[in-house]
Amino acid sequence: MSSLPRRLNALLRSPTAVRNGSGAKQLHGQLVKHKGVLSVHTATILSLYASLNLLNDSVLLFEVLRRSYPSATALAWKSVIRCCASAGLSEVAIGYFSQMLASGKRPDQKVFPSVLKSCTLLRDEKLCEAIHGCVVKVGSEEDLYTGNALMNMYAKFHGMAGFENDEIEVFDEMHESNRTYFGRGCSRKDSVRKVFDLMPTRDVVSWNTVIAGNAQNGLYEEAMMMVRKMAETNLPPDSYTLSSILPIFAEYVDVNKGKEIHGYTIRHGFQSDVFIASSLIDMYAKCSRVEDSIHVFRLMPHRDSISWNSTIAACVQNAMFDEGLKYFRFMIKHRMKLMPVTFSSIIPACAHLTALQLGKQLHGYITRAGFINNIFIASSLVDMYAKCGKVEMARHLLNGMGQHDMVSWTAMIMGYALNGHALEAISLFKKMEMDGVRPNYVSFIAVLTACSHAGLVTEAQEYFDGMSKDYGISPGLEHYAAMADLLGRAGKLQEAYELISRMEFEPPGSLWSTLLAACRVHRNVELAENVIDRITRVDPDNIGALVIMSNIYSAAKRYEDAARVRIMIKQKGFRKTPACSWIEVKNKVHAFIAGDESHPFYGKIKEVLQALLDQMEREGYAPDLSEVLHDMGDDEKRQSLQNHSERLAIAFGIISTPPGTAIRIIKNIRMCLDCHKAIKIMSKIVGREITVRDNSRFHHFKDGECSCGDYW
DNA sequence: CGCTCCGTGC
């Protein structure tokens, strides 16, 4: 030691003076030059490398050191463990730790935080308990960083399934004195708080760990209470505190509280914090304020992958699918790393847009990136394929999943429902229950939708009654809507009326409208008058309902009443959603609006439709004019049927794709009875599968039949 | 030693 230059000695005594990697390497070089590899000094260099997070150098030096000196110093062990742990190499860190113990080195508070972090990341409960025992045994339990790491560990495990009722053994087994603190049968749920209460000193990390732990485990009140207590001890919230509590306001949809936090971040100079910005983006999105999300995103000086993900998710969750895709493309253009979350955020956009080609491309990327086993991604793909009418592909993916939860099951059940496979939907629902997965609110919407689309009244009634009786889920609007739709179509109008009347909350106009539509089909004018009265009470501007009512009067030949309602419609300003169908051909979307003659191929389309009509009539088809609502002559009515948007799209599909190719149409509103009849025959004449997805379900036409079995 | 983003909804 004495032969070392004085400057070198000084540096070795206070190595923190070395601030970067090249300084550390120079020091290392000097040392080797003067002394060769010496255990005690090499350990100093190693700890320097570790502090600078130089993973490769740390591990290399440690391996060299232990070869020359099989009993490396405790400092060397602790350094390499710390470096591996902070690099996220949890298994390696734990491996070194057990070798350290085996070589007889005593662990201490300098190494526990890293070890606890690693076994927390590995989600190894048994190991965590053992380490906690170790902490107690060597008396490090009052160490600040160790305590913080222990709290983080228990906070993370609390979120795990089946955890709440487990008992902590470590408190009982390791040290007799612990019993006085924790007692027998103390649950892990309280462990975070218990460690916190026992800490002799706490810093801002201690508070943030408890706050984040509570927030992540849904204990929102508790989290907010701790924030107040933290402030009382004169610790102002920092960026960690703020990004931990913002998700609470997102969950509560409390944009006012969220805005308060936003203001605070600006006043206290946290504008460039990516964590806070991402949680702000998400908070605004969950409060249906996407513009504000995008505003925050635009103002960010530096953006990471998560900021992009949050923004994409913000758009998609607010039904701005094209906008979401735009940010997804920008993200790729900016060479941001695409993460699993990126895909589970963007795939739902493909699902809602029925963008099968894009969805398939993303599926390919996901497979190549090795993300397919991610349950979020896999279930979003199941949903996407199902919503694009590819039920078999969806089921194939579902079967390939290693684990299922209620979301993945429900996505598939709904997929079956939308595609008219009611029995498969029900059998999958039973499979889910047998699998031990509790159906939730949405699962019941799915199974009721399945029943509704197949007319399974008895089954639906059983599920509807069972959801509150057996699962404690009280039916919401969607469940009532499915039941009303089902009962209405089955002609059980009185039952539907009573069901809606008995609801524990005020039925909105949309629910009554469902029943009103059923009244039209089953020509019950008296009930319809009752229903329209209920509708105008809660929703006086419901034009759609008035239109149906006027048609009900017309069909019943009560023309004066019909005229009276039409005047009301005119006074309120009639806005009808134009019927629109679209088809994807060669990566291009072609949209057709009913009666629209502007497509460049319109002449050809008209020819095809006329030729088809001739052949259809030879096969016994006669136009069904019952759903044509306007006051016009029969010839005009026939002509207007010919120009329905789905027919234009189908004709275009026929002329622009090779014979035999399946035709996929998407339509914004329900198709009329005549189109349904006509497309069945068309599918037989042209020998093609034709799929039409309207706003609520699929029709798969093939060989003159439809998958809905004419019940829709 | 601590923080942010993801899938099912008539």
Side-chain angles (χ1 to χ4, degrees), chain A residues 82 85-86 109 112-117 120 143-153 155-156 203-213 215-216 237-247 250 273-283 285 304-314 316-317 339-348 351 374-384 386-387 405-415 417-418 439-446 448-449 452-453 476-486 510-511 514 695-697:
Chain A
R82 183 155 43 93
S86 58
Q109 56 196 43
F112 285 131
S114 308
V115 176
L116 286 166
K117 178 187 176 159
T120 303
D143 174 60
L144 178 62
Y145 283 18
T146 303
N148 290 345
L150 275 172
M151 288 193 294
N152 180 48
M153 174 187 97
K156 291 291 176 330
D203 65 357
V204 65
V205 177
S206 322
W207 285 96
N208 284 339
T209 305
V210 190
I211 291 164
Q216 287 158 358
D238 70 357
S239 64
Y240 284 83
T241 326
L242 299 171
S243 42
S244 299
I245 59 169
L246 273 167
D273 187 288
V274 287
F275 285 84
I276 293 178
S278 290
S279 41
L280 279 173
I281 290 169
D282 182 57
M283 183 275 297
D304 64 359
S305 276
I306 295 187
S307 341
W308 285 92
N309 292 338
S310 309
T311 307
I312 292 169
V316 176
Q317 285 162 3
M339 308 193 302
V341 194
T342 319
F343 292 98
S344 39
S345 303
I346 198 65
I347 299 276
N374 178 306
I375 189 164
F376 288 91
I377 294 180
S379 31
S380 70
L381 282 173
V382 167
D383 178 59
M384 186 274 293
K387 286 216 170 68
D405 63 6
M406 58 194 168
V407 177
S408 48
W409 288 118
T410 301
M412 190 67 235
I413 294 168
M414 186 60 92
L418 295 177
N440 68 0
Y441 185 92
V442 187
S443 316
F444 280 102
I445 297 175
L448 288 174
T449 303
S452 141
H453 285 172
L477 180 58
E478 299 98 324
H479 307 101
Y480 279 108
M483 287 304 289
D485 182 66
L486 174 60
S510 60
L511 196 47
T514 304
N695 49 343
S696 75
R697 62 168 302 157

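The sequence lines fix the lettering, A, B, ..., with proteins before strands; numbering per chain opens at 1. Everything numeric in this text was worked out from a predicted model, so none of it was measured.
As judged by a 4.0 angstrom heavy-atom cut-off over every strand, Val210(A) is placed among residues making no nucleic acid contact. Asp273(A) comes within 4.0 angstrom of no nucleic acid atom, judged by non-hydrogen atoms across all strands. Residue Val274(A) is classed as a base contact, given a heavy-atom separation below 4.0 Å to a base. Nucleic acid contact class of Tyr441(A) (heavy atoms, under 4.0 Å, all strands): base. Residue Ser239(A) is in base contact, counting any heavy-atom pair closer than 4.0 Å across all strands shown. Here Ser408(A) lies in heavy-atom contact (under 4.0 Å) with a base.
Rounding to whole angstrom units, CD1 of residue Ile281(A) and P of dC3(B) are separated by 19 Å. Nucleotide dC6(B) holds its C1' atom 6 Å from the CZ atom of Phe376(A), rounded to whole Å. Separating the CG atom of Asp383(A) from the C1' atom of dG7(B) is a distance of 8 Å, rounded to the nearest angstrom. Gln216(A) places its CD atom 13 Å from the C1' atom of dC5(B), with the value rounded to the nearest Å. The separation between His453(A) atom NE2 and dC10(B) atom P is 9 Å, rounded to whole Å. Taking atom CG on Leu381(A) and atom P on dC6(B), their separation rounds to 17 Å, with Å as the unit. Distance, Asn309(A) CG to dC5(B) C1': 6 Å, rounded to whole Å.
Of the possible polar contacts, none joining the His453(A) side chain to the Leu448(A) backbone as a donor-acceptor pair under 3.5 Å is found. Using modelled atom types, no side-chain atom of Thr410(A) and backbone atom of Val407(A) make a donor-acceptor pair closer than 3.5 Å.
Donor-acceptor pairing under 3.5 Å, judged by distance alone, is present between the side chain of Ser243(A) and the base of dC3(B). The base of dG7(B) lies close enough to the side chain of Ser379(A) for a donor and an acceptor atom to sit less than 3.5 Å apart. With hydrogens and angles ignored, no donor-acceptor pair closer than 3.5 Å exists between the side chain of Ser279(A) and the base of dT4(B). One N or O donor and one acceptor, one from the side chain of Asp405(A) and one from the base of dG7(B), sit under 3.5 Å apart.
Distances shown here put every side-chain N or O of Gln317(A) at or beyond 4.0 Å from the OP1 or OP2 atom of dC5(B). Taking side-chain N and O atoms only, Lys387(A) has no distance below 4.0 Å to OP1 or OP2 of dG7(B). Side-chain nitrogen and oxygen atoms of Gln109(A) include none within less than 4.0 Å of the OP1 or OP2 phosphate oxygen of dC1(B).
Distances from the side chain of Ile375(A) to the nucleotides dC3(B), dG7(B), dT4(B) place dG7(B) closest. Nearest nucleotide to the Val407(A) side chain, out of dG7(B), dC10(B), dC1(B): dG7(B). Side-chain proximity of Ala411(A) to the nucleotides dG9(B), dT8(B), dC3(B) is greatest for dT8(B). Comparing atom distances between the Ser380(A) side chain and each of dT8(B), dC1(B), dG7(B) picks out dG7(B) as nearest. With distances taken from any side-chain atom of Met339(A) to the nucleotides dC10(B), dC3(B), dC5(B), the minimum falls on dC5(B). Listed nucleotides: dC3(B), dC5(B), dG7(B). Nearest to the side chain of Asn152(A): dC3(B). Of the candidates dC10(B), dC1(B), dG7(B), the closest approach to any side-chain atom of Thr449(A) belongs to dC10(B). Listed candidates were dC1(B), dG7(B), dC3(B). Nearest to the side chain of Lys156(A) is dC3(B). Taking only side-chain atoms of Ile306(A), from C-beta outward, the nucleotide of dT4(B), dC6(B), dC3(B) with the closest atom is dT4(B). Distances from the side chain of Lys117(A) to the nucleotides dC10(B), dT4(B), dC1(B) place dC1(B) closest.
Side-chain atoms of Asp238(A) and Thr241(A) include a donor-acceptor pair closer than 3.5 Å. Side-chain contact, Thr209(A) with Asn152(A): no donor N or O sits under 3.5 Å from an acceptor N or O.
At least one side-chain heavy atom of Met151(A) sits less than 4.5 Å from a side-chain heavy atom of Ser206(A). Here the side chains of Val442(A) and Glu478(A) are not in contact, with every heavy-atom distance at 4.5 Å or above.
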| message | Assess the residue pair Asn148(A) and Asp143(A) against the criterion (side-chain hydrogen bond (donor to acceptor under 3.5 Å, both in side chains)); give the C-alpha distance rounded to whole Å, side-chain angles, the decisive distance to 0.1 Å, and a yes or no. | response | CA-CA 9 Å; Asn148(A) 290 345; Asp143(A) 174 60; over 6 Å; no

